[in-house]
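Note that the numbering runs from 1 along the sequence shown for the chain.
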Amino acid sequence: MTPEIENAFAAIRSEYGSDSIVRVEEMMGSGKQQRHPLQKGAKWILSGISQQPWHDLYGHPELEPVMRAFEANHATIKKELEDAWAERRAAFSDYEHYLTRQSDWQALYLFRNGDLVSESADTVPTAFDVLKREAVDTGKLCPLLECHFSTLLPGAAIAPHCDLWNFSINLHLAVDIPEACGITVAGETRSWEEGKCLLFDYSFEHEAWNHGTRPRTCLLVDLWHPESTVPERQALVVLITEIRKLMGEG
């Protein structure tokens, strides 16, 4: 560990107790944490997080208000997204997924690089406001990741992959969903229902596609996994941020 990590971890233990970040320290150690075969591609596995690919949307009291707020504002969010797609296309960019760029996968960011993307407050104000109020200000958003409108153009596909870790969880608000679109997580395929959310652990292998005739758009929000604790989240932010600095990524 670097001195920065050691000092931060010591401060967290002092505030929350000596055992408060044991799981994080174990994760940094042997790397032998139990994982599901379909999590083999994930880099970090925090022990004790349930090996559950799909989650009950309203099964986590911490996250339920976030889901309900996005769903309640779906109609306005969709209208603002349609206006942005028609009039502010320059606000969208090719999505880079682990350094692989896809021109048929477009993204409009609301949160990135540890902060809100202020320009999006004008472009998609309702989604920006809900995200800030329900996820950012409450500490439910994982600041190590991002939130963006994810638009798959007709014929686009996202190849099977695992994301980096299991201590955050992915929320999809189905904004604009044509026919012939789907997502598979850990071998189980589901479809988006426009105006509704899906919630899944993306450390499990997953893929998505748009075989339809018009763009498919979901709002993707990276939230802390509800089975992680506040001190663990603090320690993980310090750890991953410092690793990224050492790797020249931040």
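Using a distance-only test at 3.5 Å, with no hydrogens or angles considered, a donor-acceptor pair links the side chain of Asn73 to the main chain of Ala69. At distances below 3.5 Å, not a single donor-acceptor pair connects side-chain atoms of Glu6 with backbone N or O atoms of Pro3. Within the 3.5 Å criterion, the main-chain N or O of Leu46 finds a donor-acceptor partner in the side chain of Asn166. Judged by distance alone, with hydrogens and angles left aside, the side-chain atoms of Gln52 form a donor-acceptor pair with the main-chain N or O of Trp54 at under 3.5 Å. Listed for the Asn210 side chain is a donor-acceptor partner under 3.5 Å among the backbone atoms of Leu152. Without hydrogens or angle criteria, Arg13 side chain to Gly17 main chain gives no donor-acceptor distance under 3.5 Å. The closest donor-acceptor contact from the side chain of Thr241 to the backbone of Val238 lies at 3.5 Å or more, if one exists at all. Using a distance-only test at 3.5 Å, with no hydrogens or angles considered, no donor-acceptor pair links the side chain of Glu134 to the main chain of Leu131. The closest donor-acceptor contact from the side chain of Thr184 to the backbone of Gly187 lies at 3.5 Å or more, if one exists at all. Formation of a donor-acceptor pair under 3.5 Å by the His148 side chain with backbone atoms of Leu220 is not found in this model.
Using modelled atom types, one finds a donor on one side chain and an acceptor on the other under 3.5 Å when comparing Tyr202 with Ser168. A donor and an acceptor atom, one from each side chain of Thr126 and Thr76, are nowhere located under 3.5 Å apart. Side-chain contact check for Tyr109 and Glu119: no donor-acceptor pair (N or O, by modelled atom type) lies under 3.5 Å. Side chains of Thr123 and Arg88: a donor on one and an acceptor on the other come within 3.5 Å.
Pairing each heavy atom of Ser203 with each of Trp165, the nearest pair is CB-O, 3.3 Å. Across all their heavy atoms, Ala159 and Glu207 have their closest contact at C-CB, 4.0 Å. Closest approach of Ser20 to Ile12, counting heavy atoms only: OG-O, 4.0 Å. In terms of heavy-atom proximity, Ile77 sits nearest to Ala127 at CG1-N, 3.9 Å.
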**Asked** What's the verdict on salt bridge (Lys or Arg N to Asp or Glu O under 4.0 Å) for Arg133 and Asp129, showing C-alpha distance, side-chain angles and the deciding distance?
**Response** CA-CA 6 Å; Arg133 184 180 68 249; Asp129 178 67; 2.4 Å; yes
**Request:** Decide side-chain hydrogen bond (donor to acceptor under 3.5 Å, both in side chains) for Asn170 and His206; before the verdict, give the C-alpha distance in whole Å, the side-chain angles of both, and the deciding distance to 0.1 Å.
**Result:** CA-CA 12 Å; Asn170 199 213; His206 56 285; over 6 Å; no
**Message:** For a side-chain hydrogen bond (donor to acceptor under 3.5 Å, both in side chains) check, start with the C-alpha distance between Trp105 and Ser150, then their side-chain angles and the critical distance, and finish with the verdict.
**Reply:** CA-CA 7 Å; Trp105 182 0; Ser150 172; 2.8 Å; yes
**Item:** Residue pair Glu227, Ser50: steps toward the side-chain hydrogen bond (donor to acceptor under 3.5 Å, both in side chains) verdict
**Value:** CA-CA 8 Å; Glu227 295 174 15; Ser50 61; 2.9 Å; yes
**Prompt:** Should Phe167 and Leu236 be marked as a side-chain contact (heavy atoms from CB on, under 4.5 Å) after you check the CA-CA gap, both sets of side-chain angles, and the distance that decides it?
**Reply:** CA-CA 9 Å; Phe167 46 78; Leu236 288 163; 3.7 Å; yes
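To the nearest 0.5 Å, the span separating CZ on Arg112 from CD on Glu146 amounts to 6.0 Å. Taking CD of Glu96 as the reference point, atom CD of Gln102 lies at 11.0 Å (rounded to 0.5 Å). Interatomic distance, Arg216 CZ to Glu194 CD, rounded to the nearest 0.5 Å: 11.5 Å. Atom CG of Leu145 is separated from atom CD1 of Ile240 by 9.0 Å, given to the nearest 0.5 angstrom. Taking CD of Glu26 as the reference point, atom CD1 of Ile21 lies at 11.0 Å (rounded to 0.5 Å). Note: Leu144 CG to Leu239 CG = 9.0 Å, rounded to the nearest 0.5 Å.
Just one of Leu116, Leu141, Thr138 meets the side chain to side chain contact (heavy atoms under 4.5 Å, CB included) condition when paired with Lys132; it is Leu116.
For Trp85 and Phe92, the distance between ring centers is under 6.0 angstrom.
Val185 is not connected to Leu171 by any chain of hydrophobic side-chain contacts under 4.5 Å among Ile, Leu, Val, Met, Phe, Trp and Tyr, and they are in different clusters. There is a path of hydrophobic side-chain contacts, each under 4.5 Å, that joins Trp224 to Trp44. Hydrophobic clustering of Ile, Leu, Val, Met, Phe, Trp and Tyr side chains at less than 4.5 Å, counting indirect connections, unites Val175 with Leu153.
Between Met67 and Leu173, the closest side-chain pair of non-hydrogen atoms is not below 4.5 Å.
Ionic pairing of Glu62 and Arg233 is present here: one or more N-O contacts between side-chain nitrogen and carboxylate oxygen are shorter than 4.0 angstrom.
Among residue pairs with one or both ends in residues 173-190, those qualifying as salt bridge (Lys or Arg N to Asp or Glu O under 4.0 Å) are Lys78-Asp176, Asp176-Arg214, Glu188-Arg190; sequence neighbours excluded.
Note on ring orientation: taking the six-membered ring where Trp is involved, the planes of His60 and His55 are tilted (angle from 30° to 60°).
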